[in-house]
Amino acid sequence: MMAGSASDQRTEAPSSSGGPLPVWLRGSSGVTVGVVCVALAAIVARLVLLGARPAHFDEARVAYWALYALEDGHYAYRHIVHGPFIQHVDRWLFGLFGASDFTMRLPVALVGGLLPLSALLFRDRLRNEETVALALFLAFNPVLLYYSRFMRSDVLVAAFMFTALGMLIRLLDRRKVRYLYGAAFFLALGIASKENAVLYVLTWMGAGALVLDRALDRPGSDRTGVQRLVGWGTTARKRGDGILGASPERKRRVLGYAGHVVAALLLFGLVWLFMFAPRGDGLEGLKSFPDTSKSTVGLWEAFGDPGKWPALFDATYSQFHSEFFAWGDKTDALTFGDYQERLSDALFDGLIGTSGALVLLAVAGFIRERYTAADGRTLVFFLCYAGVASLVGYPLGLSIGGGWKWNNIHILVPLAIPAAVGLGVFYRWGRDAFGEDDPIDVALTSLILLLVVTSVAWSGVTHVYTNPQHKSNDIVQFAQPHDDLDPMLETLEEASDSEGLDAIVYSETGNWTEIGHHSLLNNHGIDNHWNVRPACTDLGVFLPAHWHFQQAGVNATCDYQPEVFKQRIQRESVPVVVTKVRDDTVPREWLRERFTLVGNFSMRYTERADPTLQVWSRVGKN
């Protein structure tokens with residue numbers, strides 16, 4: 001079991017004696033300064049060129065609905081878009097700074113950059129150098145760095161749930177109620193970020209069971225596991241009897257703790273309600289054809305009329321219950337062969353290929369605590385078990401191709417603690433060798449540390465900065481466009497300044513079955529169920545262009561009849577036309593006489609579902 005008091009932690013986190021530490025690592029204040037410096041560097045690494053990569057399919061979908069909520073005032077939680085946290089924060093940022101790829105990614109970048117600060121919550125159970133090493137892994141692991149620069153909620157849920165765990169451990173160590181409130185707050189934010197927050201709790205429970213089993217199974221001890229359980233039960237019963245017969249002051253203290261638990265639960269509930277409550281007309285406000293007979297209540301409307309709070313809570317809970325637990329229903333039937341392939345991809349292409357240093361050091365840290373330490377630290381075992389369980393479990397829940405690329409976040413974050421312990425082993429080895437003037441061991445340690453630093457740096461630079469959108473990058477998921485979409489956005493923004501119709505989207509109406517031949521229009525031009533703009537475009541095919549159309553504020557419509565299409569262009573002097581490359585019905589020669597081809601833009605990097613767009617502009621043509 002995890003130690004319960006600060007004094008117990010002298011066993012959990014051995015001192016760093018055995019040689020001099022750098023000045024900035026000496027004492028708790030030095031560690032804090034070191035971790036803060038790491039976090040500042042992590043933020044800078046995430047903000048540099050944050051808006052340079054074109055929006056991914058998933059980024060564009062969530063950003064579209066966040067901007068929709070800002071402009072139309074309607075929001076309702078839907079699991080397909082994941083948790084409400086990022087949508088609300090982005091909506092506020094869009095209102096303050098405008099909608100862009102940079103601003104939509106900014107919340108994730110900041111949360112990911114601040115994640116290294118969570119290392120301080122574990123410092124009672126880690127050595128000084130291990131605490132700083134943990135911050136470094138959370139700051140510069142290539143997968144965490146890449147997806148901290150990506151508007152997706154995986155880094156958010158990982159950061160919030162890891163911080164909540166740190167708060168709970170800190171509560172055990174320091175017995176200060178502020179950590180109880182912190183845990184409740186960050187748990188609520190985790191739930192509001194993405195549905196797999198529940199998997200974190202289940203993983204913790206499983207890891208806790210394994211830790212408990214280890215505590216009960218102590219070969220060579222004169223007490224069996226059953227005797228240990230009986231002893232714990234007797235102690236707990238005596239404490240309970242002691243409370244009942246305690247002094248009034250102690251009873252008040254116990255009641256005070258109970259009051260704090262209730263208050264923490266209330267805090268959790270308030271954050272949950274604020275995040276998940278509908279805004280405006282809620283779900284009906286997101287539809288192209290809302291049911292006007294349904295009564296709706298939004299959060300701010302309820303604030304103005306307290307009598308509507310019961311209806312607001314009922315609407316929020318009903319939507320949450322129907323959507324949150326439906327997230328896991330998307331997984332297709334999975335064969336054992338499919339699972340093997342997913343697990344292999346996640347382990348070798350994902351973890352070893354991009355984060356080999358962290359994984360190998362995590363193994364070293366576990367071996368050190370399990371087989372060479374006199375009394376291995378519970379925290380290291382707990383997080384190692386959680387990381388391995390995530391590695392085994394997440395491939396079962398993938399609903400889209402390449403989802404393991406961002407799901408590896410949930411494996412790497414818990415493994416960062418045993419990895420920090422492993423790195424600390426080599427650091428102390430070199431430090432002691434330096435103090436003993438042992439040049440061979442100093443050279444070996446320096447080489448190992450140099451390999452760790454260079455492998456992380458090389459992987460980070462090549463995966464995050466120099467090659468952030470091409471299919472050759474092991475971290476890139478297939479729905480990432482590899483073209484620069486800025487010319488398309490600039491053309492749309494220029495068109496939005498004109499009067500009347502800004503753009504027409506044209507696509508064929510044939511029922512294509514060949515891979516890659518998909519109509520840009522939804523059901524041959526019939527409006528979407530959801531209020532997508534342009535309303536006649538297919539949400540699953542046209543993204544991320546929807547996001548750029550919404551950014552630019554373009555007034556656009558669609559057509560699928562070539563002659564009518566040409567007549568409308570001439571009649572209404574439409575400044576921008578969007579067509580599809582592999583569509584033989586497009587009157588290209590006719591368009592070339594009247595428009596300039598801005599460029600061809602691929603929405604995906606694979607041939608599967610790759611409806612390359614052609615954007616035509618009237619600028620420069622009579």
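Excluded from the calculations below are hydrogen atoms, water molecules and symmetry mates; all remaining heavy atoms, backbone and side chain alike, are included. Note that the numbering runs from 1 along the sequence shown for the chain.
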Any side-chain to backbone donor/acceptor pair from [X] onto [Y]? Under 3.5 Å, distance only.
X	Y	result
E195	F324	no
S148	A109	no
S100	T103	yes
K405	G350	no
Q477	A479	yes
S344	Q340	no
S455	V452	yes
N196	L199	no
R149	R46	yes
S459	T354	yes

Inset, instruction - Step through the shown structure and confirm whether more than 12 heavy atoms of other residues, nucleotides or ligands are within 6.0 Å of CG on L450. - result: yes
Inset, instruction - Answer yes or no: does atom CH2 of W458 have more than 12 heavy-atom neighbours from other residues, nucleotides or ligands under 6.0 Å? - result: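 It does not: W458 CH2 has 12 such atoms or fewer within range.
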Legend entry - Pairing of R428 and E130 as salt bridge, 4.0 angstrom limit: yes
Inset, instruction - Determine, for E59 against R53, whether the closest basic-nitrogen to carboxylate-oxygen distance falls under 4.0 angstrom. - result: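 R53 and E59: salt-bridged.
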When the ring planes of [X] and [Y] are compared, do they come out parallel, tilted or perpendicular, using 30° and 60° as the limits?
X	Y	value
Y147	W406	perpendicular
F150	Y146	tilted
F366	F381	perpendicular

For a quick test of reading the model, state the closest non-hydrogen atom pair linking [X] to [Y] and the distance between them.
X	Y	result
P116	V35	O-CG1, 3.4 Å
F382	A207	O-CB, 3.4 Å
Y179	R174	CE1-CB, 4.1 Å
W429	L444	CH2-CB, 4.1 Å
A158	H410	CB-ND1, 4.1 Å
P468	Y465	CD-O, 3.6 Å

Measuring only between side-chain heavy atoms, which start at C-beta, is [X] closer than 4.5 Å to [Y]?
X	Y	answer
E369	V421	yes
L121	I169	no
D154	N407	yes
C37	L40	no
I86	M151	yes
V413	I409	yes
V108	R152	no
R125	D173	yes

Inset, instruction - Kindly indicate, with the supporting measurements, whether the criterion side chain to side chain contact (heavy atoms under 4.5 Å, CB included) is fulfilled by L343 and L391. - result: CA-CA 8 Å; L343 182 61; L391 171 62; 4.0 Å; yes
Euclidean distance, [Y] [atom2] relative to [X] [atom1], rounded to 0.5 Å:
X	Y	atom1	atom2	result
L110	L115	CG	CG	12.5 Å
S118	R123	OG	CZ	11.5 Å
N408	L351	CG	CG	4.0 Å
L358	F137	CG	CZ	5.0 Å
N141	L412	CG	CG	5.0 Å
L423	L360	CG	CG	12.5 Å

Inset, instruction - May I have the step-by-step check of side chain to side chain contact (heavy atoms under 4.5 Å, CB included) for L93 and F102, ending in yes or no? - result: CA-CA 10 Å; L93 287 175; F102 180 92; over 6 Å; no
Inset, instruction - Step by step, work out the ring pair (Phe, Tyr, Trp, His ring centres under 6.0 Å) result for F160 and F185. - result: CA-CA 9 Å; F160 293 144; F185 180 72; 8.0 Å; no
Inset, instruction - Indicate, with yes or no, if the rings of F478 and F57 have centres closer together than 6.0 Å. - result: no
Legend entry - F162/F122 aromatic ring centres below 6.0 Å: yes
Inset, instruction - I would like to know whether S472 and N467 meet side-chain hydrogen bond (donor to acceptor under 3.5 Å, both in side chains); could you show each step before the answer? - result: CA-CA 8 Å; S472 61; N467 191 27; 3.2 Å; yes
Inset, instruction - Could you go through the side chain to side chain contact (heavy atoms under 4.5 Å, CB included) check for V201 and M161 one step at a time? - result: CA-CA 9 Å; V201 178; M161 298 304 286; 4.0 Å; yes
Inset, instruction - Dump the intermediate steps for side chain to side chain contact (heavy atoms under 4.5 Å, CB included) on L383 and L165, then the final yes or no. - result: CA-CA 10 Å; L383 271 302; L165 177 65; 4.1 Å; yes
